[in-house]
Structure formats: C-alpha cells, structure tokens
Amino acid sequence: MTKIALVGAGGKMGCRLTDNFLKCPEYEVSYLEVSPQGIENLRVRNVSVSQAEAVISSAEVVILAVPDVAIGGISATIIPEMKTGALVLTLDPAAPLDGVIAHRDDLGYVIAHPCHPSVFNWEPTEKAFRDFYGGISAKQSIVVALMAGTEAHYELGEKVSQAMYQPIDKTHRITLEQMAILEPAMVETLAQTCMEVVKEGFDRIVELGVPEAAARDFVLGHLRIQMAVLFQEVNGTFSDAAYKISKRAKPILFRDNWKSIFEMDDIREQVKDITRR
C-alpha cells in the first residue's frame with residue numbers, strides 16, 4: 001500500500017483530491033492541514049488531520065496542494081524531512097519552473113495538472129455534464145511531467161495523478177517547459193484574458209439595451225460553434241463575411257508581437273508573477 005502525504009488537504013484543490021483519495025483504498029493517505037477553515041473542511045468529510053513530523057519521513061509520495069505563493073516556503077520545511085527515493089508531486093508548473101521548490105538529488109519530482117472536461121465532452125447525465133472542473137463525475141484528461149528522478153518516479157506519479165484527478169480520459173506525458181507553455185501562457189495569459197474581454201463585451205451590449213437572456217444565448221451559442229469549426233469538431237467553415245470581419249478586427253484587438261507570450265523568456269516572467277507575493 002503506497003503511503004501518501006497530502007499537504008494542504010483542506011484547501012480548494014486539496015479538498016478535490018481528498019474526495020477522490022477517499023475512494024482509493026489502495027493508498028494510505030495522511031492529510032495535512034494547518035488553517036482553521038481547511039481543518040473544518042476535512043472534519044465535515046470525517047477526515048482526521050495528521051502532523052507533518054509523524055508522516056512525512058515515511059511517505060513514498062508527498063503532494064504539495066498549496067498555493068504557488070506559499071509552495072516555496074512550505075517545500076523548504078517539508079522536503080528535507082522526506083526519505084530518500086520518495087516522490088514530490090506538485091500540481092502546477094509555475095513554481096517548479098521558477099525554481100522555488102526545494103530540491104534534493106535523491107528525490108523524484110513530478111508535476112501533474114488537469115485539463116478539465118472539454119467543451120465538447122459528452123456525459124450521459126446533466127449532473128455529470130455540469131462537472132465543469134472535473135474530478136467528480138465528468139471525464140478529463142491530464143498532463144504529467146517528470147522534472148527530476150527516474151522512470152519509476154514518473155510511473156508512480158502518473159498512477160497517483162490518475163487516482164486524484166479521476167475519472168480520466170487520456171494521460172499525456174509532456175515536459176515541464178511544455179506544461180508551462182500550456183499554463184500559464186496558453187490558457188491563462190491568452191485564453192482566459194480573451195474570455196474576460198468577451199465577457200466585458202457581453203456586459204457592454206447588455207448596457208446598450210440588448211436583452212440579457214438573448215445576448216447570453218446568442219454569444220454562448222456562437223462561441224460553441226466557432227470553437228467547433230476552429231478545432232475541427234465539425235466539417236465546416238465560417239461565412240465569407242465572418243472571415244472578412246475577423247481579418248479587420250485582429251490588428252485592432254491584438255498587437256503584432258502577441259505570440260511572444262509563448263517564448264520561454266516571457267513565460268519565466270509570467271511564472272514569477274504567479275509565485276511572488
């Protein structure tokens with residue numbers, strides 16, 4: 001039975017992982033939490049909190065489910081107590097890429113991040129479909145990277161990640177740098193920012209008098225078919241008029257060098273913004 005220490009078990013992400021580990025009798029999980037609210041979150045799940053000094057030294061896997069701004073300091077306390085050969089599993093590429101996680105040559109380091117259920121995901125029930133984050137009932141894929149260690153470390157990290165993010169569709173093995181290109185660069189710096197601007201546009205057209213219900217149906221419906229066309233979920237194209245207007249709009253909305261956000265030097269600056277208080 002694999003021994004796991006889940007650090008930050010009562011936090012936002014920690015609770016999601018805790019809920020899934022409670023379904024996995026093949027793992028012996030110790031739940032670590034220090035905040036009063038986090039401890040209460042675990043109490044309502046009938047989960048007892050363990051003390052780090054009692055479980056870290058024997059854990060085969062230590063999961064750092066803590067905020068990026070805190071992970072450096074926490075890792076400096078936790079990782080020196082880990083046994084030789086154990087695995088450090090983190091959930092996000094920012095802190096590993098920024099070098100703020102304490103490092104030991106005798107440990108393995110794996111990063112695993114959820115893709116979240118696709119907008120084109122199909123689920124048999126509305127309840128499952130509305131699991132937008134994933135990790136409850138809707139299938140999602142995950143990306144997993146080996147930052148340091150052996151293939152055995154990667155295999156263990158992948159197996160544990162599939163349990164904590166279940167139910168899983170696909171598991172993609174990528175590098176740490178590729179994961180950072182995906183997040184923050186692609187899905188936060190670009191996609192989230194664009195979606196925030198779309199929402200600001202939605203709010204503006206409602207201010208201009210378009211009925212909110214009509215605007216919502218119109219905008220969200222068009223977003224879905226636009227994504228379906230662009231990502232080849234359907235065999236179709238936009239109208240000639242739509243292509244003409246998007247060609248006109250792109251230089252108005254975007255700078256010529258916007259793709260520089262995918263260059264590693266820029267990504268390193270992005271992750272510094274994430275990991276610094």
Side-chain angles (χ1 to χ4, degrees), residues 2 4 6 8-29 31 33 37-38 40-47 61 63 65 89-92 111-144 157-174 179 182-183 186-188 190-192 194-196 198-199 201-203 206 211-236:
T2 303
I4 296 174
L6 177 56
K12 184 186 300 182
M13 197 65 209
C15 283
R16 291 181 176 275
L17 305 188
T18 294
D19 289 340
N20 273 341
F21 278 129
L22 291 174
K23 308 172 190 174
C24 299
E26 66 270 28
Y27 296 114
E28 182 183 331
V29 183
Y31 301 91
E33 182 57 63
Q37 182 58 60
E40 175 61 17
N41 292 340
L42 294 175
R43 187 195 66 78
V44 299
R45 290 169 165 80
N46 294 316
V47 171
V61 181
I63 303 172
L89 182 57
T90 63
L91 313 181
D92 189 276
I111 306 98
H113 197 80
C115 296
H116 305 296
S118 167
V119 293
F120 303 119
N121 191 40
W122 181 88
E123 296 293 338
T125 65
E126 181 178 359
K127 181 179 179 181
F129 169 75
R130 297 193 69 81
D131 174 19
F132 297 121
Y133 282 103
I136 300 174
S137 54
K139 299 182 297 297
Q140 66 175 339
S141 296
I142 59 174
V143 291
V144 185
E158 181 184 83
K159 182 179 178 183
V160 172
S161 301
Q162 289 169 339
M164 69 188 190
Y165 290 136
Q166 64 178 294
I168 299 298
D169 183 9
K170 304 180 190 69
T171 300
H172 304 284
R173 182 172 183 174
I174 59 176
M179 195 181 294
L182 291 173
E183 184 175 313
M186 179 64 208
V187 300
E188 292 176 341
L190 178 61
Q192 179 179 323
C194 288
M195 287 299 99
E196 288 176 354
V198 169
K199 179 56 167 59
F202 171 85
D203 292 339
V206 172
E212 183 172 357
R216 181 181 176 89
D217 286 348
F218 199 88
V219 170
L220 295 183
H222 276 75
L223 284 175
R224 188 167 184 261
I225 186 57
Q226 287 163 350
M227 286 187 286
V229 169
L230 291 170
F231 286 91
Q232 299 180 326
E233 286 289 322
V234 296
N235 183 19

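For reference, positions follow the sequence shown, starting with 1. None of these values were measured; they are calculated from a predicted model.
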request  = State whether the number of non-hydrogen atoms from other residues, nucleotides or ligands found under 6.0 Å of Q232 atom CD is greater than 12.
outcome  = no
query = Is any side-chain N of the basic residue among D131 and K127 closer than 4.0 Å to the acidic one's carboxylate O?
reply = no
inquiry  = Salt bridge or not between E40 and R43? Use side-chain N to carboxylate O under 4.0 Å.
reply    = yes
ask   = So, does E233 use its side chain to make a donor-acceptor pair with the main chain of A228 at under 3.5 Å?
value = no
query = Does the side chain of Q162 pick up a donor-acceptor pair with the side chain of T171 at under 3.5 Å?
reply = yes
message = Between H113 and L91 (side chain of the first, backbone of the second, donor and acceptor by atom type, cut-off under 3.5 Å), is there such a pair?
response = yes
ask   = Any sub-3.5 Å donor-acceptor pair from E123's side-chain atoms to K139's backbone N or O?
value = yes
key: Check: E33 side chain, G10 main-chain N or O, donor-acceptor pair, under 3.5 Å   = yes
query = Would you find more than 12 non-hydrogen atoms of other residues, nucleotides or ligands less than 6.0 Å from F120 atom CZ?
reply = yes
message = Is it the case that over 12 heavy atoms from other parts of the model lie below 6.0 angstrom from the CZ atom of F132?
response = yes
task = Using a strict 4.0 Å threshold on nitrogen-to-oxygen distance, state whether E158 and R173 make a salt bridge.
result = no
inquiry  = Quick check: closest heavy atoms across D169 and S141, and the distance to 0.1 Å?
reply    = CB-OG, 3.6 Å
task = State whether the number of non-hydrogen atoms from other residues, nucleotides or ligands found under 6.0 Å of E196 atom CD is greater than 12.
result = yes
query = Are R216 and F202 in a cation-pi contact, defined as NZ or CZ under 6.0 Å from the six-membered ring centre and within 45° of the axis?
reply = no
request  = Please name the pair of heavy atoms, one in L6 and one in A65, separated by the smallest distance, quoted to 0.1 Å.
outcome  = CD1-CB, 4.0 Å
